[in-house]
Structures are given as C-alpha cells and as structure tokens.
There are 2 protein chains.
Amino acid sequence: MEIDSAASGAVLKRERVRDAILELVEARRPGDAIPSERVLCAELGVSRPTLRAAVDELVVAGLLVRQHGRGMFVAAEKITQELVSGRDSLTLPRAGGVWTSRVLEFRTLPAGARVGRRLRVPPAARIRCATRLRLVDGSPMAIEHLHVPADLVPGLTEEELEHGDLYEHFRDRHGVRVGEAVQSIEPTVLTRAEADLLDVPELSPALLFERLTGDTGGRPVEYVRSLYRGDRYRIVSRLALGPATARREPPEGHHPGIPPGDFASRGPVTFSTRGVVQGDG
Amino acid sequence: MEIDSAASGAVLKRERVRDAILELVEARRPGDAIPSERVLCAELGVSRPTLRAAVDELVVAGLLVRQHGRGMFVAAEKITQELVSGRDSLTLPRAGGVWTSRVLEFRTLPAGARVGRRLRVPPAARIRCATRLRLVDGSPMAIEHLHVPADLVPGLTEEELEHGDLYEHFRDRHGVRVGEAVQSIEPTVLTRAEADLLDVPELSPALLFERLTGDTGGRPVEYVRSLYRGDRYRIVSRLALGPATARREPPEGHHPGIPPGDFASRGPVTFSTRGVVQGDG
DNA sequence: GAGAGAAGGTGGCATAGACCAATGTGCGCG
DNA sequence: CGCGCACATTGGTCTATGCCACCTTCTCTC
C-alpha cells in the first residue's frame, strides 16, 4: 500500500500521525479548532481508530481537547509547562484564586478493613464519610474523601463542611487538638468518574494525596484521600542550598527529586514547599 | 444485536469486561497467568479491540502486566497502595536501597529557545546535556535530563556524572557555589520511550520534577527535568500541626494537599518533606 | 417572527478481520 | 545427544466499517 512508512524513522503509524497533528496544533492558537477526525483520516491516509489513538496521546498530554458533537480544539491553556513564568527565572508562579467547597456526599458508614486499619478502629466502627469537591474560582480542582470516626464529630453538619474549618470544629466542639499528620503524595491517573467530576479527560494525570492526622495523643482522628488535577495544580519548592552545614540526624529518605548523594555533605538547608494553582484556561 | 446493554447498569461494554477480568485477577495470585486475549474474547463475547481496551485500564491501574508472546499475568506486587505499613498508623514507610546512575547520553548542544530562556542564555549558547538513568537496587527509578551551560563545566566527564556529586564539581573545579533552587512537581504520564527506559507500561503515572538552580549571585547554573516512576516513588510529608501560632508572612500558595482555609489561623507550623522509595516487587 | 423539528456533521463506542513481532515448543537433522 | 529451524501461540498494530449520542444549523410550521 502506498509508500507507507520506512521514511519517517518512527515505525509506529500512530507516531507519524501524532507528529502530523502536532504541527497542526502548533500552527494554531489556543481555542482554535482543528479538522475533524474523518477529514484528518483522509488527509493522513489512516483509519479512524488509528487517528483516534494518536489524538488520544495529545489529549492526555493536554495539548488538545475534544468536545462531543463539536470538534477538536487546541487546548485553551498551556498545560504541563513552564516552571518559571517570565524573565526572572527564579520567580515563583503566581498563586490561584478563591477556594470553595461543595459537598457531594455525606454519610455515616462502617469503617471497613482499609479505613479501619488506618484509623485504628474496628472495621465495624461508624465513620463519617464526606466527599467534597474543591473548586478554585468556581472550576473543579480536587476531590477530597474525608473519613472521621463518627463519635469524634457527632454534630458535624454539611454546612460546616462547606464553609467551616474542620480542625476548628475538632477543637472547639470536641476538645480534640490535632497534633501530627503524615501525608503521602503520588501520581496517578483519573478514572472516568473522577475525570468527569474534575472536568478533565479520562486518564488525565493527577496527584493523589493521602493524609492521616492524629491528635496530640497520637490517636488517628482523620484520614483524607484527595485527588488533585494534574494540569492546574503543582507543588513548588524553594530550596536554599547555602554553604555546607553539619547535617543533623539524616531521616529516612531524601529531598524529593534530589537523589541521595547528589548533595553529598550539604543537603538542602532550608526549603519551603507550597501548592500552587496555575492560571485557569 | 442480542440483548445488548440496558441490563448491566454500566452502559460501557468495556466496563463490564473490565470487571469480569478483575474477578479473574482477584481469584489468582501475583504472577499467575490469565487466559489469552482471544480466549477471553470468546468467553466474554466481545471483540478483541474492546477486550484490549478493558485490559489497558487494568494495566494502567497496575493490576495486570502484559508480556509480548507470553501472555498476561497478575501484577507481581500491589502498586499504588498503602500509605502506612503496619499497625502503627503514623509510621513512615521504610526507605529504599542503593541509588546508582547510568549515563544514557552526554552531548553538547545549542540551548534552544526553551532551555535558553530558563538558563538566561542565548538560544545558540552551548549547553552540556546529559541524560541519566537513576536506579535503586539496580532497577530503574527515574530519568534525569540535565542542562548546564557548557562554559561552567568545561572538564565535566561522563565518569563524574556516574559517580560524582555535580554540586561538588561546581564548587571545587569552577568556584561556582549553588545558592537557591526552585523546583516544581507535577503528575504526568509516560510516553512509550520513557516507559521502556523505566521498565513500566506505557501511560503509567509519573512525577515530573523541574528544577532550576542558581548560584549565590542568582545566575541560573543548572536546569534539570526528571521523571520519577509513580509506582515506586512517593513524597511523604510529616506535619507538626501544633497549637495556634501567629502565622508569619503568608507566602503565595499553601501546603500541598491542604487547601487554604482548612487550617485557618494555624497553618502547619513545621513540616519535613521526604522522597521515599517503595519496597520493590 | 418565533419556536419546533429534521438534517447533517462531530466525536464515542464497538465489531470483524488481517498482518506483524516476540516467545516458546518440538521435531528433525547433523 | 545437541543444535537449529519451523511452527503454533500470544500480544501489538492497523484497517474498514457500522451505529449511537451529541451539537449545530437550517428549515418548516404555526
């Protein structure tokens, strides 16, 4: 069939198609439409599933957005790009807008095995479970699953979850003072349902936060599992490396992204880590 | 055609198939094989592309691994799970093993627009570019793309990149003292080539680190772009929340994963953030 | 003129089939 | 007995095609 591959170096037809579409994208401005799938199939000489597979990659990469019944468009905002904004390379990007909450679900359920193990309660213990959608300037940013032993917060209302500070509620109503929390962060991809809630394409990258909070006595009081959009949320650390200083007790691990040994005898002396929201689209 | 959907609740055939395969997975032990694609197609009454789409989801989720010419197998180790290891809920997971480096590429190239802008040099300036594979206990953990202005490190050798400390080299050979660095972290998914290097399936979640390091005078000296495997690398923060304290100047942003307002008047007082490696599979 | 409905275009899902590439097996030849 | 090559099996890719759901727009009707 035709001249076919063997010319482009890349063996996968998908890749040739992807690069071809990429040129179309780069020749346009954000929000512009690109030709329809069927037209592109004819122009590039591939079948529609193949073309869709190529487009899928660009959609996951955040360069293209699809709209059912309307067409495909160049992504509104640069996504996954630009550590620093402008001329001053060490400038932090600006922070985002107004955060609000919307309670999607609010129930009392048995802890179950997984949650029970984390909160150190029997699997049958009653747990207040809340699912909150976190928004910035009105557009979805994160999904938050909250798990709190029910006996700790007998009077917790949906209203308080929308507007109040949960930790304030802990202290003022129940005399529970939060002490320490351990939080882990890892990358993941969104399922269909999660992606719909966050208004991003399926399989989009996201950050999964898991946080276990204990009171001053070390008893777990809260287990939170949050999913943050990867295209608009990022974590920025500012590291002051400074001169060599006697490193105090080296804890387990190392500074994220800097493998042990790279800073041999003078690990980061101080650092601040912040979550920042990218300008919306 | 047949009775078709409308019966299973879930409308997508993919989902029904995925759940069916999931049952097969759960009935087996890690490493066990599941029936071949063509057999499953016949059993479940779907076409192969549909079945493959369902399997794709399970592969991305880390529950299934495919081996060309051999078959499909239940993933060796649970992936993306378990904040805390055992009984003591606030215990940090153990850290990983021995880190090593392997230089994949080492060239001198023009900076180009993107890198040049970050390092504040003309696009034509010569840049030493190195690609290193970072391994833990011999298995791949991260890909690191290093960019340093060539005139800063005239004598840098591949050997030093394998074993030395780059920042030590900066200081001892060239009198360049690193000062501050800004690093951003965001989730992403791996391309085919990246996934092959890290020995994980395509489209696996990963953490993208971008770090711009400046010397004590604020001049950028290093731009690093790293991709860390999402299934074995995570970031763990330990937060000491403590009693309310007068918050000093609130910087831009907030603590990652804790939206502003949640800690209203008593933001995290101290915290330590570490990168940790998950036990291998 | 305005609203309702039909028509056409778009992306979303699924099918059936073909060929390629990598792996493992077993038979046959030396 | 041992080395190789052919073959069957498995996953990987691509084609061609159909139907459905959604959106826009044009047109017809009231």
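Please read all numbers here as calculations on a predicted model, not as lab measurements. Note on naming: letters A, B, ... go to the chains in the order of the sequence lines (proteins, then strands), and numbering restarts at 1 for each one.
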Measure [atom1]/[X] against [atom2]/[N] and give the value in whole Å, please.
{"X": "B/L40", "N": "D/dT10", "atom1": "CG", "atom2": "P", "answer": "11 Å"}
{"X": "A/L51", "N": "D/dT15", "atom1": "CG", "atom2": "P", "answer": "10 Å"}
{"X": "B/F73", "N": "C/dA22", "atom1": "CZ", "atom2": "P", "answer": "17 Å"}
{"X": "B/D196", "N": "C/dA22", "atom1": "CG", "atom2": "C1'", "answer": "14 Å"}
{"X": "A/R16", "N": "D/dT15", "atom1": "CZ", "atom2": "C1'", "answer": "14 Å"}
{"X": "B/D56", "N": "D/dG11", "atom1": "CG", "atom2": "C1'", "answer": "11 Å"}

For [X] and [Y], which heavy atoms make the closest approach, and how far apart are they?
{"X": "A/E186", "Y": "B/Y233", "value": "CB-O, 4.4 Å"}
{"X": "B/V55", "Y": "B/R66", "value": "CG1-NH1, 3.4 Å"}
{"X": "A/L51", "Y": "A/C41", "value": "CD1-N, 3.7 Å"}

Report task. Apply the test side chain to side chain donor-acceptor pair (under 3.5 Å) to residues B/R232 and B/S139: give CA-CA distance (whole Å), side-chain angles for both, the deciding distance (0.1 Å), then the verdict. Result -> CA-CA 11 Å; B/R232 287 189 56 203; B/S139 64; 2.7 Å; yes

Query - Sugar-phosphate or base contact per nucleotide [nucleotides 8-13 of chain C; S, B, -; heavy atom under 4.0 Å] - result: -BBBBB

Query raised in the report: Considering the options A/R102, A/E105, A/R225, which one meets the side chain to side chain contact (heavy atoms under 4.5 Å, CB included) requirement together with A/T131?
Result: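 So, applying the side chain to side chain contact (heavy atoms under 4.5 Å, CB included) to A/T131 and each of A/R102, A/E105, A/R225, only A/E105 qualifies.
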
Query raised in the report: Under the criterion side chain to side chain contact (heavy atoms under 4.5 Å, CB included), which of A/L197, A/D196, A/L198 is the partner of A/V200?
Result: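 Checked A/L197, A/D196, A/L198 against A/V200; only one passes side chain to side chain contact (heavy atoms under 4.5 Å, CB included): A/L198.
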
Query raised in the report: Is the distance from OP1 or OP2 of D/dA16 to the nearest side-chain N or O of A/S47 less than 4.0 Å?
Result: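 No, outside the criterion.
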
